[in-house]
Structures are given as C-alpha cells and as structure tokens.
Protein chains: 2
Amino acid sequence: MTTTTPGPSASRTARDRARLELTEEIKAVGRRHLAEHGASGLSLRAVAREVGMVSSAVYRYFPSRDDLLTALIIDAYDAVGECAEAADAAARDRGVAVRWLNVCEAIRSWALVNAHEYALIYGSPVPGYAAPEATIGPASRVPLVLLRLLADGVTSGEVVAGDTPPMSRVVRSDLALLRRTAAPSVPDAVLSRAFGVWAQLLGTINLEMFGHLHNTIHDYDAFFTLQMRRASEFLVQAG
Amino acid sequence: MTTTTPGPSASRTARDRARLELTEEIKAVGRRHLAEHGASGLSLRAVAREVGMVSSAVYRYFPSRDDLLTALIIDAYDAVGECAEAADAAARDRGVAVRWLNVCEAIRSWALVNAHEYALIYGSPVPGYAAPEATIGPASRVPLVLLRLLADGVTSGEVVAGDTPPMSRVVRSDLALLRRTAAPSVPDAVLSRAFGVWAQLLGTINLEMFGHLHNTIHDYDAFFTLQMRRASEFLVQAG
DNA sequence: GGTTGTCAAGAGCAGTGCTCTCGAAACTTG
DNA sequence: CAAGTTTCGAGAGCACTGCTCTTGACAACC
C-alpha cells in the first residue's frame, strides 16, 4: 500500500498522515478533558496517558500546554461562530430583530452545552495567556454576523439610525474603521448601539453561567428571552 | 504584658491575637500574589515562603487553597461593593442617571486597577469551585446599590415605568421577590431594564478587560462612557 | 506541677509542566 | 540498493504544586 502512494501530492508521506491524525486525536482528547475538568484541569500528562503515549511525546505535537489550549480556543471560536451563522441563516427571511434574537438564543444554547469552552473564550483569560494572532480570525465570526445583519437592516430600511450620541474623535474613527471593514453604510449611532447589544448578550449569559443570578432568577430561559427581545428591538430602533 | 491582659474579654489570649494577625498576613500576601500572578498562580507554598513559614503550617489557618481563595473573593466583593457605594454617595444629590453613571465609572476604574480580582469575581469561576454561602452577602452589595438607586428614582418620579413587556409567571414572581426584598415599589418594567443595564455594564467591562475590543476600540475611556451614558438614560426612561 | 490543646516544622505522596538524551523507525538522497 | 538525515516515542529527571501525617516544642488551663 504505502509503496504505491501517489507521490508527494496529497499530504505526502504516511508519516505526515499519522502526524495529522495524532494531532487531531490529541486535540479531541484534550477537548473532552476540557469539557469535563475545565481549562485549568487540562493536563498534558493526562491527555498523553489517554492517547497512549508518554507525556514527552505530546510535546512533539504541541510545544506547550498553552499551545494545545490555543488550538482548543480556536476550535471553540469556530464552533460558536458557525453556530451563530447557522442561526442567522435559518431566519434569513425574517426581520433583523428576529434574526438577532435567533442568534442570541443559539449562542446561549451553545454556551449551556459547552460551558467550559464558553468560559474559555468569553470568561477571564488564563493568567499569563496572551491570545495569539491565529485566534482573531475565528473570534471575529460572531461579531461579523451581527455587523452583516445590521448592514442588511440599514439597506432594507429596517434599522433606524436615530440620534447620534456625542462621541470623541477617536471613537468616531474606530467606528469608521469598523464600517469600512465590515459594515458598509451603517451609521455611527447604529454601530454604537450594536456594541451595547453585544455587551448585553455576553453579560447576560455570563450572569447566568457564572452564578450571579443564583437565588434571584429561576426561569433562566424566559429571563434570557425577555432581555434579548428588548435588546434586539432597541437595536433596530433608536429610543 | 500578657500577664495583665484584661481577662477573656477582648480576643482572649495572646495566642488568639497572634492567630488573627497571622491570618491577616497570609491573606495580605495572598492578595498580592493574586494581583501579580492571577488566581491560578496563587500558590499556598509560595505564600507560606513569603510569610516565613513552611507550607504545612498555613493549613492551620486555611484548610485548603480554595478556602484562602474564598477569603480573597469575599474581600474583592467587599472592595468593589464599597467602591460602588462610595461613588453613589458622592453623587447622591444628582439625578438617578448620573448616579448610576458614576457607579459604572467607579466599578470600571476599580476593575482596571485590580484586574485579577475583578476576573476572580466577574470572570469565569475557577473550575471545581462552588461559591460558598459566605460570598452571597458581599456579592450583593453592588446590585443593592443599583436597586436602592432605582427605588429612589421611582419615589422621586425620575424613573418612568414605561410599557411592561410580556413575561412569564415565574419571571414575574422572581421580580416580585426582588421588589419585596430590596426595591419597594419599583415596577417590573424598571426591574427588567435594570438587569439589562447591569448585564451591559459587566459585559462592556469584560469585553475591554478580556481583550475582545483589541484592535477595534482604542479610546476605551470614551467608549465606556458613551455606552454607559446611553445605558443609564435607557434605565430611567422607557424606550 | 501535670495535663491538654495548639502550633510550626519536616518528611513524604501523587501529581504537574517541561527538558534532555537515546535508540529505533521512517524518510531522503547518492 | 545503501548511506545519511530527519522524525518520533520512550524514559529519566528537575523543579514545582496541593495536601497529609507525624513529631517535638510551647502555651494555656486545672
């Protein structure tokens, strides 16, 4: 078999294939450990044990524990991003407010199922950890859904600009850059509201998931929907 | 000296005093280590080394590392709570919106200075950690500031109820309990908005502190003020 | 004075991230 | 095909962690 490989075309040698497979297996086991014991409970030695090799061998694939964690963080961003994109697409023919509400519910559902991965990307970062460049792409997927949605709403006339609050020159240029990059013709007032709604989404999920609503709110589902419905109405129409 | 102690009235013996002092010293060193290396970098052994005793001796004062962490968490809640109360008191003669804006700015400032402690209480909880009963009191101080402020605004007529959004029976009873406990005569519509504003405050600080605005927002101060100003206007007047 | 309770210290266990070396296997090149 | 090179897994080892148990000394009480 290996003697008749089609040459250096597809992932080259058997060794390269084995390397890719093992990298994936390590990541898979790591993801399971992460889901079960949390980020700080992710032990390279334990993962190695389960994969069936000695700990030092894992370092051939991930140069440090943090690098394994980074790979899992990227996967998590991609998972929640794909989730948000799917939720938006599923309601593409509805109004902007409904689409955003759908995205909110999808993100929360994902967070509830993958609690530790959510905490990993939207909770406090691990202590000495600085997010490498490779994460910013996947991390942008969810915000991009929101921006695309707003751009649609502006062209369709669904989103009302309303009064533009006074803002500093620097903030105005930040918003201008954002508009140029990802949200053509979305006015500053709407972009500013979008940040508020985005912060409120993450804040509400955090309140629930990190226990700050304990003994206060009991019907989490209804509470979240209530909050996000108000927020998405606020998003499309200035108060 | 110790022979003429006034008897078993004030903290009894010299040993008890030494115990209290050492407990405080351990906590102080722990707080410094926490601020410097983060929660997961809080090493009981390192703290012991710096206090000048062997690690096992520390266990006489805190039965486990998590117990030391709990003590620090309570202190952090108290610190930010006191900070919020002071900010509210400093603007007591201003309007409700200004008072809340003041509280928001104060909490953010505290978070920027005490980043790791903020992450400890408002970021993702440490993995296996379940907040013990003793934390719920101090944790309530900031929300109580918001609720008291709203109660003031309702009696003074500053806060407009607006339309009450439809909500489930359970959520209504949650809000009723909250009203009975800490915010007399604040209507459901206002309480519901308060959760939104509270979530938005924490969400905005989290976005900034956990790096999600990197390369997007550059003037963090102005951005935060912009967002919170809108939020506090929204709080007092229904959209 | 003798008893009792408290305390710091030390040794030790099981676990961690990470580094280094070594031999064997797989691949590349002459 | 054979020699040389790269890659890989295994093992030992270092410095560290949280935590437990035992030992000996000191202070507090009867």
Quiz item: On DNA chain C, nearest-nucleotide positions of B/M53 versus B/R45: which is more 5'?
Solution: B/M53
Grab the [atom1]-[atom2] distance between [X] and [N] for me, whole Å please.
X: B/L69; N: D/dC19; atom1: CG; atom2: P; answer: 11 Å
X: A/R65; N: D/dT17; atom1: CZ; atom2: P; answer: 16 Å
X: B/L20; N: C/dT6; atom1: CG; atom2: C1'; answer: 15 Å
X: A/E21; N: D/dC8; atom1: CD; atom2: P; answer: 14 Å
X: A/R15; N: C/dA26; atom1: CZ; atom2: C1'; answer: 4 Å

Scan [X] against the nucleic acid and name what it touches under 4.0 Å (heavy atoms): base, sugar-phosphate only, or nothing.
X: A/Y61; answer: sugar-phosphate
X: A/S56; answer: base
X: B/S64; answer: sugar-phosphate
X: A/L68; answer: nothing

Quiz item: To the side chain of B/S55, which of C/dG17, D/dC19, D/dC8 is closest?
Solution: D/dC19
Practice problem: For atom NE2 of B/H214, decide whether the heavy atoms of other residues, nucleotides or ligands shown that lie under 6.0 angstrom number more than 12. | Solution: no
Self-check item: Over 12 foreign heavy atoms within 6.0 Å of CD, A/E36
Solution: yes
Using only side-chain N and O atoms of [X], determine if any of them is under 4.0 Å from OP1 or OP2 of [N].
X: A/S43; N: C/dG17; answer: yes
X: B/R49; N: D/dT17; answer: yes
X: B/R19; N: C/dA8; answer: no

Quiz item: When you measure from the centre of the six-membered ring of B/Y61, is the NZ or CZ of B/R19 under 6.0 Å away and within 45° of the axis?
Solution: yes
Quiz item: Does some side-chain heavy atom of B/F195 sit less than 4.5 Å from a side-chain heavy atom of A/T216?
Solution: yes
Quiz prompt | Base D/dG9 to side chain A/R60, donor-acceptor N/O within 3.5 Å cut-off | solution = yes
Quiz item: Can we call the ring centroids of A/Y122 and B/H212 under 6.0 Å apart?
Solution: yes
